[in-house]
Asks: 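The structure follows.
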Number of protein chains: 4
Amino acid sequence: MTTQHRATPNAARRKEASRRAILTAAFDLLQEIGYAKLSIEGIAARAGVGKQTIYRWWPSKGAVIFDAFLMLSEGSEGEPPALPDTGDLEADLTAVLRATVAELNDPQYDQPMRALATEIAHDPELAAAYVERLDGPLKEAKQRRLRSAQRAGQLAEDLNLDVAVEMIWGPLLNRWLQRSGPLTAEYADDVVTTALNGLRPRPSGR
Amino acid sequence: MTTQHRATPNAARRKEASRRAILTAAFDLLQEIGYAKLSIEGIAARAGVGKQTIYRWWPSKGAVIFDAFLMLSEGSEGEPPALPDTGDLEADLTAVLRATVAELNDPQYDQPMRALATEIAHDPELAAAYVERLDGPLKEAKQRRLRSAQRAGQLAEDLNLDVAVEMIWGPLLNRWLQRSGPLTAEYADDVVTTALNGLRPRPSGR
Amino acid sequence: MTTQHRATPNAARRKEASRRAILTAAFDLLQEIGYAKLSIEGIAARAGVGKQTIYRWWPSKGAVIFDAFLMLSEGSEGEPPALPDTGDLEADLTAVLRATVAELNDPQYDQPMRALATEIAHDPELAAAYVERLDGPLKEAKQRRLRSAQRAGQLAEDLNLDVAVEMIWGPLLNRWLQRSGPLTAEYADDVVTTALNGLRPRPSGR
Amino acid sequence: MTTQHRATPNAARRKEASRRAILTAAFDLLQEIGYAKLSIEGIAARAGVGKQTIYRWWPSKGAVIFDAFLMLSEGSEGEPPALPDTGDLEADLTAVLRATVAELNDPQYDQPMRALATEIAHDPELAAAYVERLDGPLKEAKQRRLRSAQRAGQLAEDLNLDVAVEMIWGPLLNRWLQRSGPLTAEYADDVVTTALNGLRPRPSGR
DNA sequence: GGTTAAACGAGACGGTACGTCTGGTCTTGTA
DNA sequence: TACAAGACCAGACGTACCGTCTCGTTTAACC
């Protein structure tokens, strides 16, 4: 589905039940045994499926993991995701980042998300799919919120929203992935404040 | 024999030539065949070394990769690393970040660094070693440069230097690792400017 | 539906073209790729036929091979096969055995016949069918020729014709199947002479 | 051992226990589940051995079966096998052939021997090994017995002993392998008598 | 300076998983 | 309803590595 690699099988005949069983099994196994021990054989066995059924539809283990995330995120699909907009940008961002911190710290999701992140790091095709299907919509939601603040005069007019988003979420993801420091709510708060104000001294008190 | 979990090998008898051959082979193989196909067997064969010699001294493939990086970075050791300090913080940061961008884009180092980054992401012990031995010294150098600017009144007095460093380098690393966008010199410039000024509008010009 | 073990397909609707295509494909593949690599899938693909069509009509790979031979031998059917009868038994037998040797040495037929022989060795049902449909008629022809000689006083009156036939053709088949020695015209001649005269010394010169 | 196929492994380091376990497992499985269902995986599992240990030392499934037979026959090795020699050739041959019939009818050995026979039929290299290591010594014993009779004037002077042996044992093996008729002691007797006397009428009474 | 114990190269071993291939069954149009 | 097409579950194939375990063979420290 994500990426074709050989004579495309006839998708019309595809068995939806098997597809779901595979993705569910993959995600569950990631939680239970971790990324290092995840195997196609294991997924197939857990899903009650022949190995070939996995190889037929996915080009790599990473693609399976990716689709597993896609399936999860599609439960709440239809409407695009949106960040809260109370008018108070700092408060809204703080709330969202604290939630992100909580999710990243949730042992339930830690392993699977690391698996996805590192598969993406090694597989450009997967990275492209990730940017388009999973990260893209989220990033747009973030940018919408910032644009709204920008229109309200709360952000610099010439602000590069791409950079802005990465300056807020980048440090968080980095600290999580590389474990370069504790990932706490306070840290999230700090990041928001510092990003909004910048490193330079503000002429008037902040 | 202290609190080691197994009979500690006698480091005095260790053959330095084999150690270097292994680390060199590991790094070279990473460049040539990539992380996914890197195997202990392959490293041993390339290094002309028995497998046991690897297993004797390193607990995991990630640890070998890590030491390979350590060996490289130790060529220029003795003096701690330092960032340029011309007095012009923005210029200095821009220069450093552009160099970083160039390095991350260098195909020679791309694969090995990704390998290290993802091994760290999955192995907390390795992450700790990384923070202490490789990233730590670098981070301190970065903080020293920022502290110097802070003392010169170019940065906010109450700035959290940890956060500041991550706000500058985090977006870069993230964009590289996740391939979420092009990694160019312009991007580096943007990040520096935006980080220094913050997202909010500045009362006076610029 | 008689005593069949499963829902008998309606033979009336059977497509003759598919049947022939399957048997031809099976035989050709045996020649080309050999018995070890012969697969139902391969036969179906070569015949342009669905796998199910094979499974519907044949219980095993051996049965397909068997029918392939049957089809070949049915080209010359109608009249039962017969051995030459010039009155000179030894000459007739020698001629027939030399022809058999030539056929067994023909690389075109070697592989398929070995396949049939070994399938029969492992499958009693198939062996029964072979004895009845393929080997039976031939054996009767052989016995007819021997009986004719017997009536002419050239063979012992109390000769067991079953044993006689096997004593002439058995050594040949054995040597072919087990490759226990070179299979030449001279060998055929030797077998005929020795079988006719027996191992014991003949009172008068032979 | 039987046949090398690639960079020869270091036979000195070979583990004898594993070799025996593999051959024993192979033979036992042949008896229990039959040739068609015999798999390398199954042998390895039963022997408590890694698959690679089989692939390292044997080029094919047939070679394993062959060596299993070789191991069995080597229990009684040292002295070469010999046929009984009471002076009465017909009686001796009858006894031996009856014993052969009994063995071929023993369900314990039927499957394994068929497996060996058909592997040989499809693999010339294996056939050569069989002729040399297993069948050869036996055939020589048979020929020794016939030669003894020949010296005693009980067999024709110009008898080709190769042909003679095949004329006695060939029919038996053929009937067994192809199931072309019942394999009984009476049949064995018939074959001996007919082979000794030949098909032609004997001038004087028997 | 001969002894000895550890590290070494080599590589066989019991295993796990790979990605492919085939066996048989089942399903979905088409004729 | 037989057929071609081919997806499906199942599991064996032969290969690649895993991490452990001998093997001799250096090699360095201690006698």
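Below, chains carry the letters A, B, ... as their sequence lines are ordered, and counting in each starts from 1.
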Asks: How many Å lie between CD1 on Ile54(B) and P on dG11(E), as a whole number?
Replies: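 Taking atom P of dG11(E) as the reference, CD1 of Ile54(B) is at 15 Å.
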Asks: Under a 4.5 Å cut-off applied to non-hydrogen side-chain atoms, are His122(C) and Tyr35(D) in contact?
Replies: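 When only atoms from C-beta onward are counted, Tyr35(D) and His122(C) do touch, with a gap below 4.5 Å.
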Asks: Just jot down the side-chain contact (heavy atoms from CB on, under 4.5 Å) partners of Ala25(C), sequence neighbours excluded, or say none.
Replies: Ile43(C), Arg46(C), Ala47(C)
Asks: Less than 4.5 Å apart, side chain to side chain, heavy atoms only: is that true for Phe66(C) and Leu134(C)?
Replies: yes
Asks: Measure from CZ on Arg14(A) to P on dC8(F) and round the result to the nearest Å.
Replies: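 So the two atoms are 7 Å apart, to the nearest Å.
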Asks: Tell me the interatomic distance from Trp58(B), atom CH2, to dC18(F), atom C1', rounded to whole angstroms.
Replies: 18 Å
Asks: At 4.0 Å (heavy atoms only), tell me whether Gly48(B) reaches a base, stays on the sugar-phosphate, or touches nothing.
Replies: sugar-phosphate
Asks: To the nearest Å, how far apart are Arg46(A) CZ and dC9(F) P?
Replies: 17 Å
Asks: Look at the side chain of Gln108(A) and the backbone N and O of Gln31(A), then say whether any donor-acceptor pair between them is shorter than 3.5 Å.
Replies: no
Asks: According to a strict under-4.0 Å criterion, is Arg56(C) in side-chain N/O contact with OP1 or OP2 of dC3(F)?
Replies: yes
Asks: Using modelled atom types only, decide if a donor and an acceptor are shared between the side chain of Ser60(A) and the backbone of Ala63(A) within a distance under 3.5 Å.
Replies: yes
Asks: Provide, to the nearest angstrom, the distance between the NZ atom belonging to Lys61(C) and the C1' atom belonging to dC21(E).
Replies: 12 Å
Asks: Verify the distance criterion only: is there a donor paired with an acceptor across the side chains of Glu119(B) and Tyr130(B) at less than 3.5 Å?
Replies: no
Asks: Tell me whether the side-chain N or O atoms of Lys51(C) pair up with the base of dG6(F) as donor and acceptor below 3.5 Å, since no angle test is needed here.
Replies: no
Asks: Let me know, please, whether Val49(D) or Gly42(C) comes out on the 5' side of the other along DNA chain E by nearest nucleotide.
Replies: Val49(D)
Asks: Which nucleotide in the list dC9(F), dC18(E), dA12(F) gets nearest to the side chain of Ile40(A)?
Replies: dC18(E)
Asks: Classify the side chain of Gln52(A) versus the base of dC21(E) as yes if they form a donor-acceptor pair under 3.5 Å and no if they do not.
Replies: yes
Asks: Taking the inter-plane angle between the rings of Phe27(D) and Phe69(D) on a 0 to 90° scale, is it parallel (under 30°), tilted (30 to 60°) or perpendicular (over 60°)?
Replies: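 Because their plane-to-plane angle is over 60°, the rings of Phe27(D) and Phe69(D) count as perpendicular.
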Asks: Given atom CD1 of Ile33(A) and atom C1' of dT16(E), what is their separation to the nearest angstrom?
Replies: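 To the nearest whole Å, that distance equals 12 Å.
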Asks: Starting from C1' on dA4(F), measure out to CD1 on Ile22(C) and report it in whole angstrom.
Replies: 11 Å
Asks: Stems involving DNA chain E: give each as a range paired with a range, ordered by first number, where a stem means at least three consecutive Watson-Crick or G-U wobble pairs under 3.5 Å.
Replies: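 Listed by first number, the stems are E:1-31 with F:1-31.
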Asks: Pick the closest DNA chain F nucleotide for Lys15(A) and for Ser18(C) by heavy atoms, then say which residue is nearer the 5' end.
Replies: Ser18(C)
Asks: Of the candidate nucleotides dT22(E), dA12(F), dA10(E), which contains the atom at the shortest distance from the side chain of Arg13(D)?
Replies: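 Of the candidates, dA10(E) comes closest.
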Asks: Can you find a heavy atom in the side chain of Asp67(A) that is under 4.5 Å from one in the side chain of Trp57(A)?
Replies: no
Asks: Under 4.0 Å between a side-chain N or O of Thr53(B) and OP1 or OP2 of dG9(E)?
Replies: yes
Asks: Relative to the 5' end of DNA chain E, which residue comes earlier, Ala44(D) or Glu41(C), by the nucleotide with the nearest heavy atom?
Replies: Ala44(D)
Asks: Side chain of Trp57(C) only, please: which of dC3(F), dA10(F), dG14(E) is the nearest?
Replies: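 Side chain of Trp57(C) sits closest to dC3(F).
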Asks: Map Leu38(D) and Ala47(C) onto DNA chain F by nearest heavy atom, then report which one ends up closer to the 5' terminus.
Replies: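 In this pair, the answer is Ala47(C).
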Asks: What integer distance in Å separates Lys37(B):NZ from dC18(E):P?
Replies: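 In whole Å, dC18(E) P and Lys37(B) NZ are 16 Å from each other.
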